[in-house]
Amino acid sequence: MKSEFLTILNDRGFIHQATDLEALDACMGEGSVAAYIGFDATATSFHVGSLIQIMVLYWLQKTGNHPLVLIGGGTTKIGDPTGKDESRKLLNDNEIQENIKSLSKVFERAIAFGKGPKDAILLNNADWLDTLNYSTFLREYGTHFTINRMLSFESVRLRLEREHPMTFLEFNYMLLQAYDFLELYKRYGCLLQIGGSDQWGNIINGVELVRRVAHKTVFGLTTPLITTSSGAKMGKTSQGAIWLNADLLSPYDYWQFWRNTEDQDVGRFLRLFTTLSLDEIKRLEALEGAEINEAKKILADAATAFIHGEEAVKEARATAQKLFESSGANLEEASLPTLSLSEGELEKGMSILDVFHRLGLTASKGEARRLIEAGGARLNDVPIKDALLTLTVASFESKTALKLSAGKKRHGLVKKLTNF
RNA sequence: GGAGGGAUGGCCGAGCGGUCAAAGGCAGCAGACUGUAAAUCUGCCGACGUACGUCUACGCAGGUUCGAAUCCUGCUCCCUCCA
């Protein structure tokens, strides 16, 4: 590898497949290249599954290339059939707009947007897709696609084989994504599209369309699907996805997610999801036994800082330290789910089951009861034995906050509100 | 168009008139062991009630029956074979 960008990607394990790696490398070695990554606007937040793409954007910019962030405001109206057994419910314009607004916040910390030649640009393909004229589009681009070939793509073939219906609308998705590439090539001289490995088919369609229409060789590159060593897809937990937006998953929980990485994944994740130097990572992943916990903290710090910023890291780390490393510390400041009870409520007494439920530590009161029976519930680190326990003013003694724990890792605070 | 099979809890999958809140597996949660890891072992795993209990749930809508996830009718969706 000659180019800085591809060297980094290669060393850090970002490359799964590429159309012509050598030619791309030569091209990127010569100067700044505009490259794009497309994102669906199907949810209000990304989760860690998309994080690898965001890291790639960071490295693009870091190595002097020109990142184009494409949000699929237009293609989301179609719905990417890739990897899906049946068509998704279609979103309306409003929902898509909301999603775009909420999604784009994530990029701001990772890359710099602006008007300069190396500043990232945020784009929405609705800007060109919405105004396409059907018959013109068919005449100009429809001739470059054969049904024979389109039917051979995995996304289509699977549906056909299983006799799950695929609508004509969805069938067209790949044409529109291919057209995006062409449009970005024309507008910004974009030479490279990067995406997850499942996007391979869509990406090569774009490469091909640009070659046929503009007679230019452009490139495609995919990143691997990241799984944990135990084989699970990244970021799926019982609590739901590991969201990147703080309103869906608190920075503390995000930090914890990384803190709890399996030993075997630490090195790989440090390379992919932090920007630490490779030397440093080598040192960290060589740690053995309990020592590797230090590496996990560094991973959690770096990954959290990348998305939520240094402030959030400090808070998360302080909270974690209070919870796990020092007992009886002052918890007032900790960033935990908190329930404030008024004096009125405390006069009457509040069932401990209700408190667990309202704190979100358990999904129902029954679950809270089972937790207590299993010995996993604690009040200020003392196991709760009685499910009938009620919290009253007296429970607080001289303190203003109580710590409730569900297992070792999930905690919440109950505060006493003073009326006056 | 014809013939047959199927739809069960987050997923897979048994049950085929009462003993069914529904076997078993996976996922999940808790406990033990550890290192906030993995593996292993143990317990839990619809909601509500302190509890004998009540409610909701086996594709949808009706029906038969003292009693239905289980039988009947209609509907919807899926699968297999034949044309």
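Each chain gets a letter, A, B and so on, in the order its sequence line appears, and its residues count up from 1. Keep in mind that what you see is a predicted model, and the values were worked out from it rather than measured.
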Counting any heavy atom closer than 4.0 Å, what does A/Arg370 reach on the DNA or RNA strands: base, sugar-phosphate only, or nothing? sugar-phosphate

Aromatic ring pairing A/Tyr141/A/His144, orientation class (parallel under 30°, perpendicular over 60°, tilted between): tilted

Could you tell me whether A/Thr261 contacts a base, only the sugar-phosphate backbone, or nothing, with contacts defined as non-hydrogen atoms closer than 4.0 Å? sugar-phosphate

Less than 6.0 angstrom separating the ring centers of A/Phe46 and A/Phe107, yes or no? yes

Is it true that a side-chain atom of A/Asn205 and a backbone atom of A/Met174 form a donor plus acceptor pair closer than 3.5 Å? no

Same-atom distance (C1') from B/G5 to B/U50, integer angstrom: 49 Å

Using a 4.0 Å heavy-atom cut-off across all strands, classify A/Ala406 as base, sugar-phosphate, or nothing. sugar-phosphate

Examine distances only and state if a side-chain atom of A/Asn202 and a backbone atom of A/Gln177 form a donor-acceptor pair shorter than 3.5 Å. no

Base, sugar-phosphate alone, or nothing: which one does A/Gln256 contact when heavy atoms must sit under 4.0 Å apart? base

Taking only the P atom of each, what is the distance from B/C44 to B/G35 in whole angstrom? 28 Å

Could one point to a donor on the side chain of A/Lys408 or the base of B/U34 with an acceptor on the other under 3.5 Å away? yes

What is the minimum heavy-atom distance between A/Arg271 and A/Asp11, and which atoms define it? CD-O, 3.5 Å

Comparing nearest nucleotides in RNA chain B, the 5'-proximal residue of the pair A/Leu388, A/Ser364 is A/Ser364

Quick one: sort the A/Tyr179 and A/Phe137 rings into parallel, tilted or perpendicular, breaks at 30° and 60°. perpendicular

Rounded C1' spacing from B/G31 to B/A68 in Å: 40 Å

Considering every strand and a 4.0 Å limit on heavy-atom distances, what is the contact class for A/Lys296: base, sugar-phosphate, or nothing? base

Identify the stems formed by RNA chain B, where each pair is Watson-Crick or G-U wobble with both distances under 3.5 angstrom and a stem is at least 3 consecutive pairs. B:1-7 with B:76-82, B:10-12 with B:24-26, B:28-32 with B:40-44, B:46-48 with B:53-55, B:59-63 with B:71-75

Closest-nucleotide mapping onto RNA chain B: is A/Ala290 or A/Leu371 further toward the 5' terminus? I mean the 5' end. A/Leu371

For RNA chain B, the residues among residues 347-359 of chain A that have a non-hydrogen atom under 4.0 Å from it: none

Sub-3.5 Å donor-acceptor pair from the side chain of A/Gln193 to the main-chain atoms of A/Val207, do we have one? no

A/Lys409 side chain near B/A37 phosphate (N/O to OP1/OP2, under 4.0 Å): yes

If the C1' atom of B/G10 is compared with that of B/A3, how far apart are they to the nearest Å? 36 Å

Whether the side chain of A/Asn245 engages the backbone of A/Thr44 through a donor-acceptor N/O pair (distance < 3.5 Å, no angle test) should be reported. yes

